[in-house]
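Could you have a look at this structure, given as structure tokens, before my questions?
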Amino acid sequence: MIGWAITFLVIALIAAVLGFGGIAGTAIGIAKIIFFVAIVLFVLSLIFGGFRGRRSI
């Protein structure tokens, strides 16, 4: 998922250099959303993984 965020960031940078401001703005917005979703999912997996790791069978 972080790979997708980096891809959209690169697209935004290329679009900005070429003068496509609307496309660059949209791509950076998508990259931000994907990045924050990835961070939230990572934190949730750490939390639930920590709970699962403490149990002993």
Side-chain angles (χ1 to χ4, degrees):
M1 192 172 270
I2 295 294
W4 280 99
I6 292 171
T7 301
F8 277 106
L9 180 63
V10 169
I11 290 171
L13 291 173
I14 292 171
V17 167
L18 295 177
F20 298 106
I23 295 172
T26 302
I28 201 71
I30 293 171
K32 280 184 190 179
I33 291 170
I34 293 173
F35 178 75
F36 286 119
V37 167
I39 294 297
V40 167
L41 289 175
F42 175 70
V43 169
L44 287 175
S45 69
L46 284 177
I47 291 170
F48 289 118
F51 288 142
R52 182 173 293 190
R54 292 184 186 176
R55 294 182 186 166
S56 60
I57 299 175

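Every value quoted in this text rests on a predicted model; they were computed, and no experiment measured them.
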| query | What residues form a side-chain contact (heavy atoms from CB on, under 4.5 Å) with Ile14, not counting sequence neighbours? | reply | Val10, Leu18

| task | May I ask whether Phe36 and Ile6 are part of the same hydrophobic cluster, defined by side-chain heavy atoms of I, L, V, M, F, W, Y residues being less than 4.5 angstrom apart, directly or through others? | result | yes

| query | Can you name the residues that form a side-chain contact (heavy atoms from CB on, under 4.5 Å) with Leu46, not counting sequence neighbours? | reply | Phe42

| task | Check side-chain contact (heavy atoms from CB on, under 4.5 Å) between Ala16 and all other residues, then give those that pass, not counting sequence neighbours. | result | Ala24

| request: Using the rule that two of Ile, Leu, Val, Met, Phe, Trp, Tyr join whenever any of their side-chain heavy atoms come within less than 4.5 Å, decide whether Leu41 and Trp4 are in one cluster. | output: yes

| field | Approximate separation, where rounding is to 0.5 Å, of Thr26 OG1 and Phe20 CZ | value | 13.0 Å

| Minimum heavy-atom distance Ile23-Ala15, with the two atoms named | CG2-CB, 4.1 Å

| Out of curiosity, Ile34 CD1 to Thr7 OG1, how far, rounded to the nearest 0.5 Å? | 8.5 Å

| field | Qualifying residues under side-chain contact (heavy atoms from CB on, under 4.5 Å), relative to Ala12, sequence neighbours excluded | value | Ala27, Ile28

